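All heavy atoms count here, side chains included; hydrogens, waters and symmetry mates do not. Fair warning: this is a prediction, and the values are worked out from it, not measured in the lab.
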Amino acid sequence: MVYKERTFFGTDPGDAAANQPADLEARVADTLAAMRDAEVSDVSVVARGNTIVLAGFIGSPDEADRAVDAAKSVEGVDAVINQMTIPPLRG
């Protein structure tokens, strides 16, 4: 077996990726998807730095509050902007 001399001395790419907005978005989206007390399938998650923007449709103000609280609970989230709306009832 041949061993090569180490040539990379920077930050491990795996460690750097954990701090990217896409990673934060994915972790918040996973947290929202695991919620059993709110229907969040029409909610989008966008990270702007460490601020999360939640947009789209949600069923009620209580569900929106729970989604915001869940997003705030994710490590690395500094703030959550709620742009979710409740669709009008049809009938």
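- Between P21 and A47 the shortest heavy-atom distance is O-CB, 3.6 Å.
- Of the residues V68, I81, V40, the one that meets the side chain to side chain contact (heavy atoms under 4.5 Å, CB included) test with L54 is V68.
- Here CE of M35 is found 9.5 Å from OG1 of T31. Values are rounded to the nearest 0.5 Å.
- In this structure, CZ on R48 lies 10.5 Å from CD on E25, to the nearest 0.5 angstrom.
- Of the inter-residue distances, the one linking N82 atom CG with D65 atom CG reads 7.5 Å to the nearest 0.5 angstrom.
- Of all heavy-atom pairs spanning V74 and R27, the tightest one is CG1-NH1, 3.8 Å.
- Heavy atoms only, all atoms of each residue included: G59 and I86 are closest at O-CG2, 3.6 Å.
- N50 places none of its side-chain heavy atoms less than 4.5 Å from the side chain of V77.
- The shortest heavy-atom contact between A70 and L32 is CB-CD2, 4.0 Å.
- Taken to the nearest 0.5 Å, the CZ atom of F57 stands 10.5 Å off from the OG atom of S44.
- Side-chain contact between E39 and I58: absent, with no pair of heavy atoms (C-beta onward) separated by less than 4.5 Å.
- Looking only at side-chain heavy atoms (C-beta outward), E63 and M84 stay at 4.5 Å or farther from each other.
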